[in-house]
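Here's the structure, in structure tokens; my notes come after.
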Amino acid sequence: MQLHEEIQQHLVRLEPNLQAEVLDFVLFLEQKQQQALPGTAIDDEEALKIHQQLMNQYADAFTKLAQ
């Protein structure tokens, strides 16, 4: 059983007001995580640019090694 499934099983056993408290806490943790990691997520276009730069650097390095 995966962790989120185990959490869900426990959650359904709680009263609705306690479920609401759990949701509030989860939202708080998400916000805290976003504040701790600002700007770390990149889109596909940025990832492709980084990949291209790395490939160019590898190509340059291998060219120098071959000489």
Apart from [X] itself, what residues make up its hydrophobic cluster when side-chain heavy atoms of I, L, V, M, F, W and Y under 4.5 Å apart count as a link, directly or indirectly?
X	value
Leu14	Leu11, Leu18, Val22, Val26
Leu27	Leu23
Phe25	Phe28, Leu29

To the nearest 0.5 angstrom, please state how far the CD atom of Gln35 sits from the CD atom of Gln33.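 Between Gln35 CD and Gln33 CD, I get 11.0 Å after rounding to 0.5 Å.
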Qualifying residues under side-chain hydrogen bond (donor to acceptor under 3.5 Å, both in side chains), relative to [X], sequence neighbours excluded:
X	value
His4	Gln2
Asp43	none
Gln52	Asn56

Take atom [atom1] of [X] as the centre, draw a 6.0 Å sphere, and report whether it contains more than 12 heavy atoms from other residues, nucleotides or ligands.
X	atom1	result
Gln19	CD	yes
His51	NE2	no
Glu15	CD	no

Q. Mind checking what makes salt bridge (Lys or Arg N to Asp or Glu O under 4.0 Å) contact with Glu45, not counting sequence neighbours?
A.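 Applying salt bridge (Lys or Arg N to Asp or Glu O under 4.0 Å) to Glu45 gives Lys49.
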